Amino acid sequence: MKEYDHKKIELKWQKDWEKKKIFSAINGSKKPKFYALIEFPYLSGSGLHIGHIRSNTAMDIISRKRWMEGYNVMYPIGYDAFGLPTENYAIKTGKQPTIINKENTEMFRRQLKKIGFAFDWSRELNTANPAYYKWTQWIFLQMFKKGLAYKQKTMINWCPKDKIGLANEEVVNGKCERCGTETIKKEKEQWMLAITKYAERLDKDLDDVDYLERIKAQQRNWIGKSEGSEIEFKVKGDSQSVRVFTTRADTILGVTYVVLAPESVLVQNLKSQITNWNEVEKYIEKVKKESEQERTKEDKEKTGVELKGIKAINPANKEELPVWIADYVLASYGTGAVMAVPQHDSRDKEFAEKFNLSIIDRPLVDAEEITKRVGGKMVTKYKLRDWIFSRQRYWGEPIPLIHCDRCALNDPDGQGYIPVPDKDLPVVLPKVKSYTPTDTGESPLANISKWVNVKCPKCGGKARRETDTMPNWAGSSWYYLRYTDPKNKKEFASAKNLKYWTPVDWYNGGMEHTTLHLLYSRFWHKFLYDMKLVPTKEPYKKRTAHGMILAEDGEKMSKSRGNVVNPDEIVKLYGADTFRLYEMFIGPFDQTVTWNTNSIIGPRRFLEKVWKIGEKITTQKQINSSRLTLKGSDTTKNFSVSASFQTLLNKTIKKVSEDIESMSFNTAVSSMMVLVNEMEKQDVDKKDFKIFLQILAPFAPHITEELWNMLGEKQSINKSKWPKWDEKKIIDDKIKIAVQINGKVRTEIMVSKDMSEGEIKPLVLKDQKIISWMEGKEIKKFIYVPNRIINIVI
RNA sequence: GCCCGAGUGGCGGAACUGGUAUACGCGCACGACUUAAAAUCGUGUCUCGUAAGGGAUGUGGGUUCGAUUCCCACCUCGGGCACCA
C-alpha cells in the first residue's frame, strides 16, 4: 500500500495545473462568467497570514465549484504594495522599497502557490508597478478635472517628535503609530477627495446589493445620514442670525438657549457686541489647543462660556434666548450650532444643569409644519467627511499635478495646479537617498530638486511638482477593474472586458475594511460610472466577510507577542489539503475563531481515511454492481444497507452543495466526515467513491486529483461535472421516528416513508412501551408530523 | 448612549421552516495489535441515579402538543460608531 505522501502529491498537481493553465479565465467566453474576488494581500514583510488562507480558501472552494458547474471563472490575485509598513522597513534597513517590494512579492507568490489556490496567475498585478499606477494617477486626474479633488487647509494629526503629518489610520489611541508620541492637531494643506458628494448614493444604493446585513449596517452607520431641519434664530438687534440644524424641530418650544461651536465665524462677527470678549477669546484658545483625545475623553465635563450682550430669538415664539459657545458643539457637523432643548436632549440637559439654564417642558409641535412656518427648510446631513487623500510620504503614487505660480495668477479661481498631461503618465517615483520625511514634514520627494522643478505643461514657465503622494487606499480602489484587462496599455481596462466581467460576483474580505477600502472603492466606482467608464453602478454584487483567527492564547496574532502561526510549517508538516480543510472546519466562517494546532490532526486523519479507501478501491477488483455489500452479512441486510448508503450519499451531496453557497464550510466538512466514517465500514462502489471525491475536490484539491487519476480518469477532477443529488433518494424508505408522550421521547419506531396517520396510529398503540405509559390514561390528542415525529397528549 | 453579533459537554462546535439537543472533530478513559512505544483500530465519554426515571442550551417569564429555535424583560461577552444635535 502506498502511503499518503502529501508533499509529493501537492507539488505534482500544483505544477500540472499551472502547466495546463486549467484555471485561466477566458475573456468573452460564451459560458456564463463568474468573477470571484478576495482582498489582495498587503505586502508586509511577515508574509502570508493564516487569516489570508481562511478567506482565500473559501473563495477557492466557491471558484472550483463554479468551474465544475460549467462557469467561466475568474479568480485573480495581486498585491497591495504601497504604504507605510514597507516604507518604515526601508527607513530601518536602508533597503530600497522597490527591492523590498520585489522580495515580498516573490515570498507571497511562493506561499500562495503552496496552498494550491485556483488563481488565474496570468492576471497578477502589483499596485507599485508603474504600468499599474499610471492608471491610478490617471483616475485621480479625472477626479481633479471634475472638481472632486481639491486642496484645503485642514487640521491633521501631527507627530511632534517625527515632525510629520499622520493619516487618521496611522494614529493609534491618539498616539503616533511609529514612535508612540502623543499626536497634536496641526493645520496643514491637504489634498481632499469629495466622497461626501456621493454620500446619498453610497447610502441608498446599498439597497440594491447583496452584502451581509452587518456590512450594510456598518457602512450606513459610518455615512451617518440624518434628516432634520435648518432653522434661523435671529440675533436680537442685528442683521445676522444663528442657523441651527436639528432632527427634533418638534421640540422647538422647549428651547432655552442656543449654542455655537467655539470655532464659529459668527462669534468673530459678533465680537463688538460681546461684553465679555476676553473671557470668550480665552475659551476659544483653550479649545483650539485641546487634542482630539482630550476633547473626546469619556465622561468629560461640559464646558462653555456665555456670549454676554447677545440674545437670539426663537422664531417659533419670539422668546429671547441666551447664546453660548461650548466645545460639545462641533463646527464640522450640521451648521456648527444647535438649539438646546434640555428637556429632550441629555447633553443639553447636562449643560443646562451645570450652568443653571432653565429647563422647560413645552408641548410638541409638528416638525415639518413648524419648519415651514418659521422659514426653515428640511435638510439631510451626513457624518461622512471628505477623504484626506495626500500623504507626506515617499512610498506611494506621486500625485500627478504641477504647481505653476504664473497660471495661478492668471486664473484667480484655480489654485494653480496643472494636471500632468496623459502622455507624461505615469509620474514615476524617483529614487531617493533617504526615505525619512523632511524637517518641514514634507515628503522626501521635496528634496529632489531635479525631479521637483519642471516646466509648466500649460504655460511652459517655471513650475514645481506636487510632492505629496497618495494613500495606499488609492491603488486598491480600482484593482478589481484592472484584473479584467491587466496588460492594457491604452486604457485602465477595455470597455469590452469590463462589460463581460463586471460586476464582481462575489467579494469576500475582512470587516476591518468595511468603512475604508470597501467604501472608498464604491466611491471610485460610482465616479467612473458617472464618467461612463464602467458599465455598472456598483462594483460588487455580493460581499461577505470572514471572521478573524486568533492565536492559541486567544490574542491577536502579532510578532511582538510571538504567537504567530507560520503557514509554511503547517503546509510542510500536514500538507496544504489538511491545512485548507482545517481552516474550513475550525468554526463558523463569519465568526472569530481561535487557532488550535492540536486539532489539525482531525482533518489529517480524515484525509488518511479517504486515501485508504481510495487505495483499497484501486487495488481491489471491482465487483460490477452499483450496490454496496456489507462484509460477511446476508443478502437481506445487504439491500437495506445499500439503500441507506445511497440516502447518505445523496444527502451529503446536497448538504455540501448548499453549505458551500451559504459559506457553512464547517458543516460541509463534518457531513463529509460522516460519509467517510460510513464508507470505512463497507465496501464502497467505485462510482460512489468518485462522486464523493468530486464534492471533496474544492476543499482538498490535491489528494482528490491524485485519487481521481489513480482511478483511471485522464481529465482533471476540476473539469468534471459537479454531482447532482437525487431528491427522491434523500429520504430512506424505512425511517426511524420518535414517539413522544406529552412532549417527552418514550420510544422509537420504524415506519415506512410517507405513512399516513391512519396507518401509523394502530402501530404506535401496539408498542409495548407505549402501552405501559398509557395505562389508565386517555388520549387527548394524537399528533403526527410525517417522517418527523409522533406526540401523544394524555 | 447608538448599531451589529454571540452565550449549548473538558474544548472547537452541530441542530432544516418550531419536531429525538449535544452531529462532526479535538481531548480523555478502557481494550486490541506490539517486547515496548508511536501510529492504527474498537468501545465509552452532558449530568444526578444501581435502575426505573429526573434535570440541563446565560437568567426569569410567555406562546405551543412540542422551544437552542418565536415573543417580552434582563445579565454577560465580542465587534463597530460616538458630545453627530
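What's counted below: heavy atoms across the whole structure, side chains too, no hydrogens, waters or symmetry copies. Proteins get letters first, then strands, A, B, ... in listed order; numbering begins at 1 in each. Every value quoted in this text rests on a predicted model; they were computed, and no experiment measured them.
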Novice: Between A:Glu200 and A:Lys225, does any side-chain N to carboxylate O distance fall below 4.0 Å?
Specialist: yes

Novice: Could you tell me whether the side chains of A:Asn508 and A:His546 share a donor-acceptor contact shorter than 3.5 Å?
Specialist: yes

Novice: How many Å lie between NZ on A:Lys225 and P on B:A85, as a whole number?
Specialist: 14 Å

Novice: Let me know the distance between OH of A:Tyr328 and P of B:C83, rounded to the nearest Å.
Specialist: 14 Å

Novice: Expressed as a whole number of Å, how far does the C1' atom of B:U69 sit from that of B:G19?
Specialist: 11 Å

Novice: Determine the interatomic distance between C1' on B:C65 and the same-named atom on B:G18; round to the nearest Å.
Specialist: 12 Å

Novice: Whole angstroms only, please: what is the NZ-P distance between A:Lys354 and B:C83?
Specialist: 18 Å

Novice: Let's see if you can work this out: which of B:U20, B:A85, B:G25 has an atom nearest to the side-chain heavy atoms of A:Met673?
Specialist: B:G25

Novice: May I ask which nucleotide in the shown strands pairs with B:G42, Watson-Crick or G-U wobble, both distances under 3.5 Å?
Specialist: B:C30

Novice: Say we look at B:G53 and B:G49: how far apart would their C1' atoms be, to the nearest angstrom?
Specialist: 8 Å

Novice: What's touching nucleotides 37-44 of chain B from the protein side, N or O pairs under 3.5 Å?
Specialist:
unit_1	atom_1	unit_2	atom_2	d
B:U40	OP1	A:Arg605	NE	3.3

Novice: Are A:Tyr507 and A:Ser521 linked by a side-chain donor-acceptor pair shorter than 3.5 Å?
Specialist: no

Novice: Please say which of A:Met774, A:Lys761, A:Lys780, A:Gln740 ends up in a side-chain contact (heavy atoms from CB on, under 4.5 Å) with A:Ile792.
Specialist: A:Met774

Novice: Using the C1' atom in both, what is the distance from B:U57 to B:G9, to the nearest Å?
Specialist: 11 Å

Novice: Check nucleotides 62-69 of chain B for protein N or O atoms closer than 3.5 Å to its own N or O atoms and list the pairs.
Specialist:
unit_1	atom_1	unit_2	atom_2	d
B:C65	OP1	A:Lys781	NZ	3.4
B:C65	O2'	A:Asn791	ND2	3.3
B:C65	O2	A:Asn791	ND2	2.5

Novice: Does any nucleotide pair with B:A15 by Watson-Crick or G-U wobble geometry, both distances under 3.5 Å, and what is it?
Specialist: none

Novice: Rounded to whole angstrom units, what separation is found between the CG atom of A:Leu607 and the C1' atom of B:G25?
Specialist: 13 Å

Novice: Consider the side chain of A:Val785, meaning its heavy atoms from C-beta on, and name the nucleotide among B:G54, B:G19, B:A85 that approaches it most closely.
Specialist: B:G19

Novice: Check every atom of B:C83, B:U20, B:A85 against the side chain of A:Lys736 and return the nucleotide holding the closest atom.
Specialist: B:U20

Novice: Could you give the CG-to-C1' distance, from A:Leu212 to B:G79, as a whole number of Å?
Specialist: 14 Å

Novice: With C1' as the reference atom in both, quote the distance from B:U17 to B:U68 in angstrom, rounded to an integer.
Specialist: 15 Å

Novice: Among B:U20, B:A85, B:G13, which nucleotide sits nearest the side chain of A:Asn666?
Specialist: B:G13

Novice: Would you call A:Asp348 and A:Lys302 a salt bridge, taking side-chain N to carboxylate O under 4.0 Å as the test?
Specialist: no

Novice: Counting side-chain heavy atoms from CB outward, which of B:C26, B:A85, B:U20 is closest to A:Ser599?
Specialist: B:C26

Novice: For B:G7, give its Watson-Crick or G-U wobble partner with both distances under 3.5 Å, or none.
Specialist: B:C75

Novice: Could you tell me how far B:U63 sits from B:U8 if I compare only their C1' atoms? Round to whole Å.
Specialist: 23 Å

Novice: Looking at A:Arg605, A:Lys612, A:Lys609, which hits side-chain contact (heavy atoms from CB on, under 4.5 Å) with A:Val676?
Specialist: A:Lys609

Novice: Could you work out the separation of B:A37 and B:A29 based on their P atoms and round it to a whole Å?
Specialist: 14 Å

Novice: Identify each atom pair where a protein N or O and an N or O of nucleotides 1-12 of chain B are less than 3.5 Å apart, giving names and distance.
Specialist:
unit_1	atom_1	unit_2	atom_2	d
B:G12	O2'	A:Ile586	O	2.7

Novice: Whom does B:A67 pair with, Watson-Crick or G-U wobble, provided both distances fall under 3.5 Å?
Specialist: none

Novice: What are the two closest heavy atoms between A:Ile695 and A:Met672, and how far apart are they?
Specialist: O-SD, 4.0 Å

Novice: Measure from CD on A:Glu555 to P on B:G78 and round the result to the nearest Å.
Specialist: 11 Å

Novice: Using the side-chain heavy atoms of A:Ile789, tell me which of these nucleotides is nearest: B:G25, B:A85, B:U20.
Specialist: B:U20

Novice: Checking contacts here: which listed nucleotide (B:A85, B:G19, B:A23) is nearest the side-chain heavy atoms of A:Val674?
Specialist: B:A23

Novice: What integer distance in Å separates A:Phe606:CZ from B:C26:P?
Specialist: 12 Å

Novice: Using a heavy-atom cut-off of 4.0 Å across all strands, would you classify A:Glu748 as base, sugar-phosphate, or nothing?
Specialist: base

Novice: Are A:Phe351 and A:Tyr257, when compared by the centres of their aromatic rings, separated by less than 6.0 Å?
Specialist: yes

Novice: List the steps and the verdict of salt bridge (Lys or Arg N to Asp or Glu O under 4.0 Å) for A:Lys288 and A:Glu263.
Specialist: CA-CA 8 Å; A:Lys288 244 190 213 165; A:Glu263 301 91 336; over 6 Å; no

Novice: Taking 4.0 angstrom as the limit, do A:Arg543 and A:Glu39 come out as a salt bridge?
Specialist: yes

Novice: Distance check, P atoms only: B:A14 and B:C24, in whole angstrom units.
Specialist: 14 Å

Novice: Round to a whole Å and report the spacing from CG of A:Asp345 to C1' of B:A82.
Specialist: 14 Å

Novice: Using a heavy-atom cut-off of under 4.0 Å over every strand shown, decide if A:Trp595 touches base, sugar-phosphate, or nothing.
Specialist: nothing

Novice: Could you tell me whether A:Arg604 and A:Glu608 have a side-chain N and a carboxylate O separated by less than 4.0 Å?
Specialist: yes

Novice: Nearest of B:G55, B:A23, B:A21 to any side-chain atom of A:Ser670?
Specialist: B:A23

